[in-house]
Amino acid sequence: MFFDCHSRQLLNCLFSGYRNVNRFHYHRGKSKHLLLSRLFQPMNLREDRVVGVGRSNELTCKSQQLMIQAGLIHPANPGCFYYLPYTVRALEKLIRVIDEEMESIGSQKVNMPSLSTAELWKISERWQVMGKELFRLKDRHGMDYCLSPTHEEAVTHLIASYGSLSYKQLPVMLYQITRKFRDEPKPRFGLLRGREFYMKDMYTFDVSEEAAKETYNIVCESYSRIFDRLGLRFVKVEADTGSIGGKMSHEFQIPANIGEDRILVCLACRFAANVEKMESGGTDCPQCKGKLTETKGIEVGHTFYLGTKYSHVFKASYHNAENKPVTAEMGCFGLGVTRILAASVEILSTEDDIRWPSLLAPYQVCIVPPKRGSKEDVTEGLSESLYDTLVDAAPQLRGEVILDDRSHLTVGKRLKDAKRLGYPYVIIAGKRILEDPPVFEVCCQNVGDTLFLTQEGVVDILRDVQTV
């Protein structure tokens, strides 16, 4: 089998954490502890040898650099990445948060094909409007298709294909979380602007404009709750409807220096708008006439009141109380799932170490036992005992605690790795475990505190840690 130099370098890094730990392989599958040595996780990466990346200037933002260097993602081709296990865990946690909020407002989850026929897009007249952004292809019969960047056509066709709904069945709210595809001319910033990404898109069907706007506000409130739960500061701004179309649109922006959107915010009344929306409106707030301040933001969500733009052409209707067909009013609501993940790393992390929103951390706790052969190593089984006590006392931490069993490495080296990977809590069996009772060093990384606690103290502070 042929491996190029990048592939060999990646494999060397991926399995560097497995060296000198053969004694753990003997117990493969029998340990009740999650062991770091067994994870498919690149270790020991240095800034001058990030696998899959050539020139250092290709690392264009902090989140991209940290996620590649820590082995969370690996470049595949321009704008596309392998998501490695830590990232998949964080992604699945984010999806659970979104699912909970969508279910709370009565939305139902579906899954629509990524491969869409050109005919659907021609009906909406977007086959040409979308231009080069669409990934287009032909099947063996010469039929035109695209890889969908969004699903307005598909979902409206789905609703229309069932005939007219009853007004009693509305509103209908359907959402999905799937891979999307856009032929970005200049993919950059890692997961912030790619050609293949995860997006949550939701589509609503209502009986009237008034009802559709009420649904619109309910969904926007649920989006706000998602960002509040993640502890991410966001701004909801008025926006242009763009190629999606419709009568009203808002973006959810996370303020960040590398953001590609320019947003205007009024500090007096909290009005906010995208610069594109305000180009003809000057710099005065349209609500209170105060001055607007410009900042940059990362767009992580976008909502649209569509009216009948799609339902009219696809004949998606419902029967009213007089049993007459009426065209449904629609809304469209998107969240950039992988973009939220990368944006959170971008704004919360230090220059050297990843920090996650607490709910999204791949693992909540990392326990670092003593170095093999050190004087602290005489306390055999102490770290494993703490592990067992933690998951017994706090059942929500099952599957959330990992033991860094690479005891051939120094505690300092493993602590550096733990900081880079962003565990909210790192528990170190250091010099003070020789005391009576043993005392652990607890690094609370999200708040920057270090505590020295007995086993009972450790359990007390972690007993109420929230997980998704």
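Just so it is clear, the model here is predicted, and its values are computed rather than measured. Hydrogens, waters and symmetry mates play no part in the numbers below; they use all other heavy atoms, side chains included.
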Between [Y] and [X], does any NZ, NE, NH1 or NH2 come within less than 4.0 Å of an OD or OE carboxylate oxygen?
X	Y	answer
Glu400	Arg89	yes
Glu251	Lys277	no
Asp284	Lys291	yes
Arg195	Asp183	yes
Arg420	Asp353	no
Glu100	Arg96	no

Donor-acceptor pair, [X] side chain versus [Y] backbone, under 3.5 Å?
X	Y	answer
Arg136	Asp144	no
Glu133	Arg182	no
Ser63	Val345	no
Ser317	Ser164	no
Asp206	Ser208	no
Lys93	Ala361	yes
Thr338	Tyr198	yes
Gln396	Val465	yes
Glu299	Gln253	no
Trp356	Leu421	yes

Exercise for review: Evaluate the criterion side-chain hydrogen bond (donor to acceptor under 3.5 Å, both in side chains) for residue pair Tyr175 and Asp99; output intermediate values, then yes/no.
Suggested key: CA-CA 9 Å; Tyr175 81 100; Asp99 284 342; 2.6 Å; yes
Below 4.5 Å, heavy atoms only, C-beta onward: do [X] and [Y] meet side chain to side chain?
X	Y	answer
Thr178	Met112	no
Met202	Ile105	yes
Cys146	Ser116	yes
Asn274	Asp240	no
Lys180	His151	yes
Glu346	Cys61	yes
Leu415	Val368	no

Practice item. Mind telling me whether His157 and Phe314 have parallel, tilted or perpendicular rings, with 30° and 60° as the class edges? Key: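 The arrangement is perpendicular - the two ring planes meet at more than 60°.
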Practice item. Take the angle between the ring planes of Tyr423 and Tyr363 and call it parallel below 30°, perpendicular above 60°, tilted in between. Key: tilted
Roughly how far apart are [X] [atom1] and [Y] [atom2], rounded to 0.5 Å?
X	Y	atom1	atom2	result
Leu403	Cys366	CG	SG	7.5 Å
Leu390	Gln364	CG	CD	11.5 Å
Asn323	Tyr167	CG	OH	10.0 Å
Gln169	Phe205	CD	CZ	13.0 Å
Thr204	Glu214	OG1	CD	11.5 Å
Glu221	Asn217	CD	CG	6.5 Å

**Study point:** Test side chain to side chain donor-acceptor pair (under 3.5 Å) applied to Glu101 - qualifying residues, sequence neighbours left out
**Key:**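 Scan of Glu101 (side chain to side chain donor-acceptor pair (under 3.5 Å), adjacent residues dropped) gives Arg225, Arg229.
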Practice item. Let me see the working for Val426 and Asp404 under side-chain contact (heavy atoms from CB on, under 4.5 Å), right down to the final yes or no. Key: CA-CA 10 Å; Val426 182; Asp404 190 343; over 6 Å; no
For [X] and [Y], work out which heavy atoms get closest and say how close.
X	Y	value
Cys443	Thr450	SG-OG1, 4.2 Å
Ile263	Val275	N-CG2, 4.1 Å
Leu72	Ile354	CD1-CD1, 3.2 Å
Pro255	Ile347	O-CG2, 3.9 Å
Leu84	Gly71	CD1-O, 3.3 Å
Gln445	Ala418	NE2-O, 3.4 Å

Check your understanding: Do Glu153 and Ser124 meet the criterion of a side-chain donor-acceptor pair at a distance under 3.5 Å?
Key ->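 On atom types as modelled, these side chains qualify, holding a pair under 3.5 Å.
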Review point. Is it the case that Glu152 and Thr150 place a side-chain donor and acceptor less than 3.5 Å from each other?
Key: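 There is such a pair between these side chains.
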Review point. Hey, does the Lys NZ or Arg CZ of Arg339 hover above the aromatic six-ring of Phe197, less than 6.0 Å from the centre and inside 45° of the axis?
Key: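 No, a cation-pi geometry is absent between Arg339 and Phe197.
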**Study point:** Charged tip of Arg179 within 45° of Phe135 ring normal and under 6.0 Å
**Key:** no
Review point. Stepwise, does the side-chain contact (heavy atoms from CB on, under 4.5 Å) test hold for Thr308 with Glu329?
Key: CA-CA 5 Å; Thr308 60; Glu329 296 275 337; 3.6 Å; yes
Review point. With ring centroids as reference points, do Tyr223 and Phe252 lie under 6.0 angstrom apart?
Key: yes
Practice item. List the steps and the verdict of side-chain hydrogen bond (donor to acceptor under 3.5 Å, both in side chains) for Ser249 and Thr241. Key: CA-CA 6 Å; Ser249 173; Thr241 57; over 6 Å; no
Check your understanding: Under the side-chain hydrogen bond (donor to acceptor under 3.5 Å, both in side chains) criterion, do Tyr203 and Thr156 qualify, and how do the steps go?
Key -> CA-CA 9 Å; Tyr203 307 92; Thr156 315; over 6 Å; no
Exercise for review: For the pair Asn320 and Tyr318, evaluate side-chain hydrogen bond (donor to acceptor under 3.5 Å, both in side chains) and give the outcome as yes or no after the intermediate values.
Suggested key: CA-CA 6 Å; Asn320 63 15; Tyr318 68 94; 6.0 Å; no
Exercise for review: Check the pair Lys109 / Met102 against side-chain contact (heavy atoms from CB on, under 4.5 Å), numbers first and verdict last.
Suggested key: CA-CA 9 Å; Lys109 199 170 189 178; Met102 292 302 98; over 6 Å; no
Check your understanding: Do other residues, nucleotides or ligands put more than 12 heavy atoms under 6.0 Å from the CD atom of Gln287?
Key -> yes
Practice item. Verify the neighbour count for atom NZ of Lys236: are there more than 12 heavy atoms of other residues, nucleotides or ligands below 6.0 Å? Key: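 Above 12, so yes.
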Check your understanding: Under the side-chain contact (heavy atoms from CB on, under 4.5 Å) criterion, do Met330 and Phe304 qualify, and how do the steps go?
Key -> CA-CA 9 Å; Met330 288 180 61; Phe304 302 84; over 6 Å; no
Practice item. From the options Tyr82, Tyr86, Tyr83, select the one residue that forms a ring-ring contact (aromatic ring centres under 6.0 Å, His included) with His74. Key: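 Passing option: Tyr82.
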